[in-house]
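Some notes on the structure that comes next.
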Amino acid sequence: MRPIQMVDLKTQHSHLQPELNKKILEVVNSAAYIKGAEVQKFERELEKYLDVKHVIACANGTDALQLAMMALGLKPGDEVITTNFTYVATAEIIALLQLKPVLVDVHPDTFDILIDELESAITSKTKAIVPVHLFGQCSQMEELLQLAKKHKLYVVEDTAQAIGADYIFKDGRVAKAGTMGDIGTTSFFPSKNLGCMGDGGAIFTNNDDLAKQLRIIANHGQSKQYYHDFVGVNSRLDSIQAAVLRIKLRHLDEYCQARNTAANNYDHLLVGVNEIVVPARVKNSTHVFHQYVLKTRGVNRDDLKTYLNEFGIPCNIYYPVPLNEQLPYKDDSRKFTNTDYLCQSVLALPMHTELGEDQQGYIINKIKEFIAL
Ligand SMILES: *Cc1c(COP(=O)(O)O)cnc(C)c1O
């Protein structure tokens, strides 16, 4: 059995190595490292894949969120509602721009922002909602979009963990994660479902004006070279990363499939194990399993993690602390019962495109062994 890894990029890349090496060398020899043709080609190919009008590549997923908030023209003091159970970047960018992050509790099974609580968090200062398609499954977008429309709020979808996931509306219409709100953002961090070999990110929108604005903001606020209309930032994807992403984008659906196969196999191996709750699937979204996150029931999660680690099985806690308990985002004004519970009971098992059935069998046997102790 190969050693078990949380994410196995070496093996994934080994299948693409000749193509990757050739392409990377081509870019190196072209010397067009910034704003080269590869970046434009990648943007157009991703637009086609997502069926969205505009893709704007940028430096990373955190920048993508920042550019989105800036393009919407939000002002200091405006409130932006997001989930209390997410990676810090989502709330960080809201706070960085001196907007007020308003955190909302999540559903204990789907990890998704609670729509009822979201609505009760809306005030006259609320300007935007940032749903996070956590772990690879879409938020309840239909309800969320209706709510946003009713209260005239912008929607920015944080799609860093869910690129390629499909959302199915009640009328049967299907849309890719990140293309339903005003703006979608994603990350190409190496371990994400579509990862490059360094940092990278992108923004999606169907709105021509926002697209134009996003490109200007990402390029120092300049609409014409050396003419700066407002304070922007410098955020770009480089050509080598774009070249790598073009190759890997062609395999994204196959990667999603491999992750689903692995997830279903975990589920199958865990049938009848009452101390473990496998990740819930919702009907109106596909799941791309950025993470396979289970919950423990009646056994100590931290002890299980230590036990698995001792047997060479990496596993991780996403996320151990609710955002409202992190120093910069402190909020004791409300209870976040579900987030608190999840931070105590979630555990992410190894999940990637190269997971072997033998490895999965070993992992689940060790979980059963721990429970039987
Ligand atoms: C990874 C991630 C980000 C940030 O992406 P970077 O490319 O690391 O800046 C933002 N939001 C979520 C939900 C993420 O998982």
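Every heavy atom of this structure was used, including side-chain atoms; hydrogens, water molecules and symmetry mates were not. None of these values were measured; they are calculated from a predicted model. Numbers here are sequence positions counted from 1. Read the numbers this way: they start at 1 and go in the same order the structure lists the ligands and their atoms.
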Would you say the side chains of Lys248 and His13 form a donor-acceptor pair under 3.5 Å?
yes
Under 4.0 Å from any heavy atom of Asn60, which atoms of ligand 1 are there?
7 (O), 9 (O)
So, is Gly61 polar-close to ligand 1, with some N/O to N/O distance under 3.5 Å?
yes
Counting non-hydrogen protein atoms only, what is the nearest one to atom 13 (C) of ligand 1? Give residue, atom name and distance.
Asp158 OD2, 3.4 Å
For the residue pair Ser285 / Gln137, report whether a side-chain donor-acceptor contact shorter than 3.5 Å exists.
no
Test your reading of the structure: does Thr62 have an N or O sitting under 3.5 Å from an N or O of ligand 1?
yes
So, are Glu354 and Lys10 salt-bridged, with charged N and O less than 4.0 Å apart?
no
For ligand 1, which atoms, with element, lie under 4.0 Å from some heavy atom of Val132?
13 (C)
Between Asp8 and His352, do the side chains contain a donor N or O and an acceptor N or O under 3.5 Å apart?
no
Tell me which protein heavy atom sits closest to atom 2 (C) of ligand 1, plus the residue, atom name and distance to 0.1 Å.
Lys192 NZ, 2.6 Å
N or O pair under 3.5 Å between Thr86 and ligand 1
no
Check the hydrophobic clustering (I, L, V, M, F, W, Y; side-chain heavy atoms under 4.5 Å; chains of links allowed) and say if Leu270 and Leu308 are grouped together.
yes
Which ILVMFWY residues are connected to Val55, directly or by a chain of links, through side-chain heavy atoms under 4.5 Å apart?
Phe42, Leu46, Tyr49, Leu50, Val52, Ile163, Phe188, Leu194, Phe204, Leu237, Leu245, Leu249, Leu252
The one among Ala64, Gly195, Ala162, Ser187 that brings a heavy atom closest to atom 7 (O) of ligand 1
Ser187
Could an N or O of ligand 1 be found under 3.5 Å from any N or O of Asp63, whether backbone or side chain?
no
Side-chain donor-acceptor pair under 3.5 Å between Asn84 and Asn324, yes or no?
yes
